[in-house]
Amino acid sequence: MNDLFETVDYLKQHGADELARLSRPRRDTCFSSLRLEVVFRRAALADNGAARRSTVTESAGLGVSVLAVAGASLGFGYSGLELGGEARQAHKLIKTLRAGLARAYERARYNARQAAALARFRPSPTPGWIVLPSRQCDLPARFVRDPTAVASSELESLCREVSGEIAGLGGEIVFNSVSAMTELRQELLITSEGSLLAQGFAFTQGDCYVVAQSALGHDESHDTVGQQLGPEVLFEGGGDPLMATPSLRQFALDLAGETRMLASAPALRPPGEEAVVVTDPHFNALLAHEIVGHPSEADRALKMEAGYAGRSWFLRSLSDNEIGRPIGSGLLSACSDPSLPGYGHYAYDHEGVAGQRVSHIDHGIYTGFLNSRATAAILGVAPNGSARASAAPYAPLIRMSNTFIMPGERTPAEIIGEVSRGYYICGSRTPSIAESRENFRISASRVYEIDHGRLGQLYRAGSLAADAKRFFSHIDAVGNDLRLFAIPNCGKGQPMQIKRMSNGGPTLRSRGYLLGV
Amino acid sequence: MLTLQALRDFVAHAAPQAAHEPGLRQFEIYAQSGEQIVARLNYTSDLPSRGVEETKSLYSQGLAVRVLTTDDPPRVGNASRPGELNLMSLRAALAQARQDAVHDPHFRSLPASRAPVPAAAERPGLMGLTSLAVAGYAWRILRGALESFESREDRSKPPGLIVGGDLTLTRDRIAVAGSRLSGIRSDESAHFTATITVLIEATGAKSAASAAGRSIDQLRRAVALGGQAMDGALRGGHGVCPPQGRYPVLLGPQPIAEILGYMVLPSLSAASFYRADSAYYGRLASAVMDSRLDLDDDPRAVWGALHRQISCEGLPTARTRLISNGKVAGLMASYYDTMRLRAAQAEEAAQTGSLAVEPNCGWRLGSYGGRRFDAPPRAVASNVRLRARGGTKDEKLAASLHHAIQVGRVWYTYPINGQRAGDFTCTVSGDSYLIEDGRVSAPIAPNRLRINANINEVFNAVRAAGNRAHLALVWGEPHVFYVPALVADSLSFVPVGREVAP
């Protein structure tokens, strides 16, 4: 094997044999899988007009999982490791894989036996596991320009030049940084059921951070633009109409212009009462992420994340939950759809289940969760392909894909034009969420007064706080302007896994409380 | 994992090779081998669960190089290679670093140190612990919680009992050599962290307990965490939700750690002053905390759960005084941060005056908190200690409070209006109580109160402080905190779901 990407082809031929070799003499193994990924990534960073860093990395990661049974109890074991050039040598790759499988099996068997011994404390059994027919796929990454063919100077000069342009906008810009990344990722999943799933991904992303200071105030803005495409989008913009993005240069200059403007804007002095609010697609992307997507993850709903990021207000217990019940206005629908070409696009998850559109809210009625094989077994539903790890060495968690609030039929101008007195909340910044996502405070980039249907004074440092169900129930207008946005850094799990996905929504109108400084 | 000697041998072998590479003015070689083992607890009485959900591990190994070229102006290059440490990987990394090198006007040189540094060695205990032993301790923690629950008096059915959390063991070894470093510098460390959370949904109770350490003895003692968290949950049920208002507040170690971790430490780095987004930017002359408070970071503290003697830039670590007598006394910095800040100071752009900034904490840390070859060096705290002079016994802190709130645990603490504003919001997530007439009274229902405040309202309005530092962990953060409880004059509390503007 000449390069790391060829290790994927090698394991396509030999990986299944290794899984069989593990389970054949070990009758207590009921499932095993191996995941291999090879990643090529080129990245650059500049700040205040100076290049700071340009790097290329090529790496491989291997993750194996084993599910073992002891009595009526199941136990899981994982082993993950990163590989370098030695993976190109077949004997070393196989030796590493066998050692990983042995470790994972040993851990799974131990946990299964311990779980069986815990029976006296356990009114409920251990979760089952849904066995699936085998699947095959070999899907290439989608790009115009191959990320591996980008010259080292291209991203570096792009970042440096854009950062320099921002610095030259005026003395109010006290700091800016611009970064760019393009990545080619080849993933392979082989399961003991006989599935062999090869998927290629191209991710390209730009980030910009701007700090501006004026005599009147100060503002810090950060935002990301990203596509599952090649580096062409950094230079030319583009992408699917749902999440078409400008070039990195235009995106960063727009953000810098907005930050300058905000530094001179007054801080919001909020009214002390609930107000009519119109929220834009960028703000609603974070709302969809925190208040629809996260509580729709079945591991949270089933209390498996209670020690970390909390539970879900959609499910108190298997018999007392919001499934099939109204949680919002009939105008509100939301779903996750990995088949769309967003940052969260994929065909199969990391348990070998086909990704599919999952409806969460249908005309105000809560309809269902993103799940894994084990959580689907608990909920008594079919697995919907939502178990994904941030990298092969990590264990899969339930993750959003392209999760968004669905569009309506009104234009944003109509929605704003009907408001006698209210606020237009634009752009999301920082979320703070109650433990079961039943309440939120999300800060906005910009808040405009609405006075008799017209936008008035611009404010900085405003945020919207509301009870989630109340906010959903008061939605009385939904825009036709659905947009998806790249979310590059959703953290979850222990150890923390940082995952990419898309979130979005259309313009919404509802009611909530505004908070300022 | 590779032995420390294997890592030392590799960099000792690699350094002369790099020295002979043409076109390099300076170089640095970093080799790392590390592992994290996690046993994650998930027990739910009323839903199917596994007890210990899984045992998993992440192993990483590789090398990184940094070079400064002989070009005029010189260019700086970075590259890394995962996997086996050999000269082929080294040569590939050096070639890549040279090829991708950029002209950074602030990158004048790589770190220099001629001071002899002895190789560190942890006690062998945690370094040699198997993953099954880690899992075994996790199962014992869980059993401790469940046995404690079985002995409860109130046997309401169904309890809705949840026991979650993890036991995590992180261990790593590094070796560093460079053209401006004398000899081979190496280090190894192993530490565990554990946070166990118990919820009893039938009574609306939530409690958590944490531990961290670097010895088997400390790990053995951590087995008691399950019982501790369960006892807290059994004490805390049927909580109340006080009305909206400003209350004097007794903040326990976890909320103090969370506010320090998300709000204060990010503002105490040289990089944040360079970016002009520190909450303390332009405030060096004035007190940013109560004058009784001192805040330090010490990666090699004997009392710390972390113990790292060599930074990932090959420099000896040392204590950094961050806040002294309530004023900013120092900043966390990598070597590059110090160079860049010096340049900004010369231009009077940094607002740091003559503040001494030493490169004490340039770490290459992965998202899981362990040292990694492919992460660039950046300033990160290790063992963070807040101390209060003239502190009082913890038991007496509530005594001076007539009608107040004791907050034991908060969640989702973020800078809501940017870092520099210092505004934050979070929800009270457990282990919290009303204080009436100097006594802890009714428990506060978890997840029912939101705090909207500014860091000045916490650290600049201290009515009293505890005289004992308690260990506290913050999920997803690589630091370990040793902090006292603080009584703040008043903070704004709003019942969740009934927000109005303050």
Side-chain angles (χ1 to χ4, degrees), chain A residues 50-52 54-57 59 76-86 107 110-111 114-115 118 121 123-127 152 156 174-175 211 218 220 270 272 302-304 306-308 317 378 393 395 430 432-435 439 441 443 461 463 465 467 491 494-496 498 513 515 517, chain B residues 36 38 40 42 44-48 50-52 54-60 62 78 80-84 89 96 99-100 102-105 131-132 135 139 146 162 164-166 197 199 275-277 367-368 374 411-412 414 416-418 420 423 425 427 429 447 475-476 496-497 499-501:
Chain A
R52 302 300 183 187
S54 172
T55 55
V56 168
T57 54
S59 61
F76 254 120
Y78 290 90
S79 178
L81 75 163
E82 288 152 16
L83 304 166
E86 70 275 14
R107 294 167 185 174
Y110 179 79
N111 284 334
Q114 292 293 317
L118 202 72
F121 293 111
S124 302
T126 59
S152 62
E156 182 254 318
V174 292
F175 177 79
V211 180
H218 161 269
E220 303 152 28
L302 296 170
K303 332 283 185 184
M304 298 166 74
Y308 306 112
S317 71
I378 296 171
T430 308
S432 183
I433 313 299
E435 192 261 5
N439 172 272
R441 178 179 176 180
S443 60
S463 50
D467 174 84
Q494 172 69 9
M496 183 72 79
I498 308 297
Y513 293 97
L515 298 174
V517 292
Chain B
Q36 185 172 70
V38 180
R40 186 162 66 97
N42 174 43
T44 44
S45 63
D46 301 346
L47 293 164
R50 293 198 172 86
V52 169
E54 80 252 320
T55 309
K56 53 197 175 185
S57 63
L58 174 67
Y59 179 72
S60 72
N78 299 269
S80 63
R81 283 288 182 278
E84 286 185 350
S89 289
Q96 193 73 62
Q99 183 182 323
D100 290 337
V102 299
H103 170 55
D104 176 345
S131 64
L132 293 192
W139 281 103
L146 298 178
I162 302 167
D166 64 89
T197 301
L199 290 90
R275 294 190 302 261
D277 62 7
S367 61
Y368 58 86
D374 58 355
W411 193 75
Y412 236 105
Y414 280 150
I416 200 73
N417 291 320
R420 189 160 150 187
D423 298 329
T425 185
T427 47
S429 61
N447 313 312
W475 175 49
V496 160
E499 277 83 359
V500 294

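A note on names: the letters A, B, ... follow the listed sequences, proteins ahead of strands, and every chain is numbered from 1.
In this structure, A/Ser54 and B/Val102 approach most closely via the heavy-atom pair CB-CG1, 3.7 Å. Shortest non-hydrogen contact noted between B/Asp100 and A/Ser152 is OD1-CB, 2.7 Å. Scanning all heavy atoms of the two residues, the minimum distance from A/Arg52 to B/Pro105 falls at NH1-CD, 4.2 Å.
Side-chain contact between B/Lys56 and A/Pro495 is present, with at least one heavy-atom pair separated by less than 4.5 Å. Side-chain contact between A/Glu82 and B/Leu58 is present, with heavy atoms from C-beta onward closer than 4.5 Å. With contacts defined as side-chain heavy-atom distances shorter than 4.5 Å, the pair A/Lys303/B/Leu47 qualifies. Residues B/Thr44 and A/Leu302 are not in side-chain contact: their nearest non-hydrogen atoms beyond the backbone lie 4.5 Å or more apart.
Among the candidates B/Asp46, B/Thr427, B/Thr425, the residue making the largest number of heavy-atom pairs closer than 4.5 Å to chain A is B/Thr425. Chain B forms more heavy-atom pairs under 4.5 Å with one residue of A/Glu156, A/Gln114, A/Met304 than with any other, namely A/Gln114. Ranked by heavy-atom pairs under 4.5 Å with chain A, the first of B/Ser131, B/Ser80, B/Ser45, B/Ser57 is B/Ser57. Most heavy-atom pairs under 4.5 Å with chain B, from the set A/Ala50, A/Ala306, A/Gly77: that is A/Ala306. Among A/Thr57, A/Val56, A/Val174, the residue making the largest number of heavy-atom pairs under 4.5 Å with chain B is A/Val56. The most heavy-atom pairs under 4.5 Å with chain B, out of A/Asn111, A/Thr430, A/Thr126, A/Thr55, come from A/Asn111. No other option in B/Ser429, B/Gly62, B/Gly164, B/Ala135 has as many heavy-atom pairs under 4.5 Å with chain A as B/Ala135. In terms of heavy-atom pairs under 4.5 angstrom with chain A, the leader among B/Ile162, B/Val52, B/Asp166, B/Thr197 is B/Asp166.
The line from CD1 of A/Ile433 to CG of B/Asn447 is 12.5 Å long, rounded to the nearest 0.5 Å. With rounding to the nearest 0.5 angstrom, the OH atom of A/Tyr110 is 8.5 Å from the OG1 atom of B/Thr55. The line from CG of B/Asn417 to CG of A/Leu515 is 9.5 Å long, rounded to the nearest 0.5 Å. Atom-to-atom distance recorded for A/Arg441:CZ and B/Ile416:CD1 is 4.5 Å, nearest 0.5 angstrom. In this structure, B/Tyr59 OH and A/Leu83 CG are separated by 11.0 Å, a value rounded to the nearest 0.5 Å. Distance check, rounded to the nearest 0.5 Å: CD of B/Glu54 to CZ of A/Arg107 gives 11.0 Å.
Both the backbone and the side chain of B/Leu132 have a heavy atom closer than 4.5 Å to some heavy atom of chain A. Residue contact with chain B, scored on non-hydrogen atoms closer than 4.5 Å, involves the backbone and the side chain of A/Glu435 alike. Of the two parts of A/Gln494, the backbone and the side chain both hold a non-hydrogen atom closer than 4.5 Å to a non-hydrogen atom of chain B. Of the atoms belonging to A/Ser432, heavy atoms from both backbone and side chain fall under 4.5 Å from chain B. Only the side chain of B/Asp423 comes within less than 4.5 Å of a heavy atom in chain A; its backbone stays farther off. When heavy atoms are compared at a cutoff of 4.5 Å, A/Val211 approaches chain B solely by way of its side chain, counted from C-beta outward. Residue contact with chain B, scored on non-hydrogen atoms closer than 4.5 Å, involves the side chain of A/Leu118 exclusively. Both the backbone and the side chain of B/Ser367 have a heavy atom closer than 4.5 Å to some heavy atom of chain A.
Considering only residues two or more places apart in sequence or on other chains, A/Tyr308 meets the ring pair (Phe, Tyr, Trp, His ring centres under 6.0 Å) condition with B/Trp475.
Remark: the backbone N or O of B/Glu84 is paired with a side-chain donor or acceptor of A/Glu86 at under 3.5 angstrom.
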